[in-house]
Amino acid sequence: MNPLTRRGFVVASCSAAAASASASAATAEFLFFTPSQAALVTILTEQIIPSDSDPGAMNVGVVYYIDRQLTGPLAEFAPLYRTSLTAFEPIREMSFAAQTEFLKSIEAKEHGEPAARLFAVLIDHTMQGFYGAPSHGGNRGEASWKMLGIDKEMSGGHH
Amino acid sequence: LKLPAVDAVIIGSGAGGGVAAHELALAGRHVVLLERGRNQQWSETKHDELRSQRTTVLGNAFGPSDADVRLVKLGDATQFREVHASDGAFGNIATCVGGGTKSYGAMAWRYMPQDFKMRSTYGAPKGSSLEDWPIAYDELEPYYERAEYAIGVSGQRGANTFEGPRRRDYPMPPLPLNKEAEKLHSAARGLGWHPFPIPMAINSVTYDGRPACVMCPFCVGFACEVKAKGSTADTVIPKAVASGHCELRTECVATEILTNAKGCATGVLYIQNGKRIEQPAKLVVVSCSAMESARLLLNSRSKLFPSGLGNRSGFVGRNLQAHAYAGAVGYFEDEFWDGLGPAARIALCDFNHGNEGIRGGAMLANEFVRLPYLFARSMHPPKSATWGREHKDRQRKFYKRSMAVQGPIQEMPVFSNGVELDPKRKDAFGVPLLRLTGRRHEEDLRTAKFIAAKAEALLKAAGATETFLKLPGVSTSFGQHQAGSCRMGSDPKTSVTNSYCQLHEVDNVFVVDGSVHVTNGGFNPSLTIQAVAFRASEYIVRNF
């Protein structure tokens, strides 16, 4: 059985009680982000690769990729996330279209150099989490590979 | 700890060291082959785009770890900055048994006759130390042949009309063309050019006990799952070990070559599991690749060699070069991606030489399989969206409708480009950190523009509806193709080794890797490293 499915099963059967219980079980999985930061990063990744007829960053769990790698190979970026994520706070209350405009102003350095740098890093990390192997925490169900029609070729040898 | 003496210590098990180990061991010499990395198995890395030799965002799949740092000053930078091993500026070449050949794309090129006579053909431009090799293509030809048969090269004899003379056919027929290569083949013919199947150190049929390529898309940057790729780790090294005359010692970091009062090498000092070990030997072969071989020589200082072993000329570490890649990407209306590796299947050598106003040039080939993350980051047109709906749309629309054609520019060597030892900082093994300088010669950028325009013309002829150029900048990117840091030559004042890779100043020390390349051709260098290694090994066996 695939480990993701098994974990999903365990969480579901242990939290039969309330929806809030399963939500906290899910957020407890974060290694680096606070639940509030994770929610913010999820919004940002969804702007970078939005859902449409195909899954977007949120559907495939890109935030889990970033969260996990920030405690490992991507640790060098942890301080930048820690210090500069707050610049993106206003985005929480905005419509999708307004969020897009806000991020363009971030790119144009209207909110400072560090925020622009973090957004550039976020683009890269989101692409990694979305298009990389599911074993690193993102691209659940090989969604991006299915989108491109290359899942058969890409998953060869993963067994 | 001082071990019993052996005939030869070879430091580094890559393209050059692997061949030397094989040749010396099969000639009955008792060889110790030291490798800094591990003997990695395919199952350790598998098919993981984010952790490969091509994309290192989650670390170097084939070593070294990010504990390794270098100080680099590239392009127009005025100060050295510290970079970790998985940073592109580090100039990494894999650190494992097989070295770069464990995960390379395995193009197996012979340099052209003109590549050995660059200075006499073109004259050195201002600011370049361009020079001829001390050997000609004809002298190396029999050793190219031996390399092709030992490593296993597939190709089509006579298909490349620009190739130097060859006595013997390739040991295997070429891999079949894929769809994009077929498109490019007819387009190139239409332009009056001469396309042909790329010679590859990849089995097209069962060869030497290894199976034919299964055409998976994970080729360049990955170890081969079925060992169809001719890595020294899967060909010459296991045979050397099986001969009973070669002992492979992994995770051993050589720190110094030891010499006596007569100026001869007496052995190698290395560190394994934190222990300092002395391995005495009659002969030392340095095969750590261009940066680390120079670093080891520079760190082997003594009264007789105060500026490093074999470095009275001051040429150790100088003239470091690699390849600037230039080319173009094309987007098409029709879908032709077939997912078959290695995908790089077709090349042309119409622009390696004889280009009006250009010194040298480059081979052009179609690119290896583009994997999805790298495609997202490097195959979109400049100024197009890097995120959002538009980016996702382009991924979906063009992933299977695009291709790239590019080639390695024959760089003009520059004396000030190279490696030196940092005067202050040392690594965990007590060796001074490597300081790296690299700024491309203006000629390289001019040649790159010329080559990229040819690539774009080819893509357009093949039906591309949108094209854009890929051009290098002034920062040299070293890495897998690094070369030139211990150039061979006949004058000890302006070179480090003779044509047999033997140090001018120390008879029993040889440098057998890309370091000795005087110039680096407009081709991937591995087969030339190996041909030179076969020639040097033959000389060693005859004389020691």
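Naming: A, B, ... by sequence-line order, numbering from 1 per chain. Computed from a prediction, not measured in an experiment: that's the story for all the values here.
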Picking from [options], which has the most non-hydrogen pairs under 4.5 angstrom with chain A?
{"options": "B/Ala376, B/Ala385, B/Pro372", "value": "B/Pro372"}
{"options": "B/Thr55, B/Leu340, B/Leu58, B/Val57", "value": "B/Leu58"}
{"options": "B/Arg51, B/Arg396, B/Glu49", "value": "B/Arg396"}

Can you tell if the side chain of [X] reaches within under 4.5 Å of the side chain of [Y], non-hydrogen atoms only?
{"X": "B/Thr386", "Y": "A/Glu107", "answer": "yes"}
{"X": "A/Ile123", "Y": "B/His391", "answer": "no"}
{"X": "B/Gln395", "Y": "A/Ser144", "answer": "no"}
{"X": "B/Tyr373", "Y": "A/Phe130", "answer": "no"}
{"X": "A/Leu103", "Y": "B/Trp387", "answer": "yes"}
{"X": "A/Glu153", "Y": "B/Val369", "answer": "no"}

Check each atom of [X] against the heavy atoms of chain B and say whether the ones under 4.5 Å are side chain, backbone, both or neither.
{"X": "A/Thr45", "answer": "neither"}
{"X": "A/His125", "answer": "neither"}
{"X": "A/Leu148", "answer": "both"}
{"X": "A/Thr100", "answer": "both"}
{"X": "A/Phe77", "answer": "neither"}

Would you check if the side chain of B/Lys400 reaches a backbone N or O of A/Gly149 as a donor-acceptor pair within less than 3.5 Å?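 Flag set: sc B/Lys400 to bb A/Gly149 pair under 3.5 Å.
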
Heavy-atom pair with the smallest gap, counting every atom of B/Leu50 and A/Gln128:
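The pair with the smallest heavy-atom distance is CD1-O, 3.6 Å.
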
Worksheet entry | B/Gly388 to A/Pro50 - nearest heavy-atom pair and separation |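 Heavy atoms of B/Gly388 and A/Pro50 come nearest at C-CD, 3.8 Å.
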
| said: Using side-chain contact (heavy atoms from CB on, under 4.5 Å), reason through B/Tyr399 and A/Ile150 one step at a time and then give a plain yes or no. | reply: CA-CA 10 Å; B/Tyr399 187 79; A/Ile150 58 171; 3.7 Å; yes

Evaluate whether atom CD of A/Glu93 has more than 12 neighbouring non-hydrogen atoms of other residues, nucleotides or ligands under 6.0 angstrom away.
->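 At most 12 heavy atoms, drawn from other residues, nucleotides or ligands, come within 6.0 Å of this atom.
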
Largest heavy-atom contact set with chain B, pairs under 4.5 Å, which of A/Met147, A/His136, A/Glu46: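 Ranked by contacts with chain B, first place is A/His136.
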
Please assess A/Glu76 against B/His84 for the test side-chain contact (heavy atoms from CB on, under 4.5 Å), listing each intermediate value before the final yes or no.
CA-CA 11 Å; A/Glu76 62 182 294; B/His84 296 273; 5.6 Å; no

Exercise for review: Sort B/Arg389 into side chain, backbone, both or neither according to what part of it lies under 4.5 angstrom from a heavy atom of chain A.
Suggested key: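 Its backbone and side chain both get close to chain A.
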
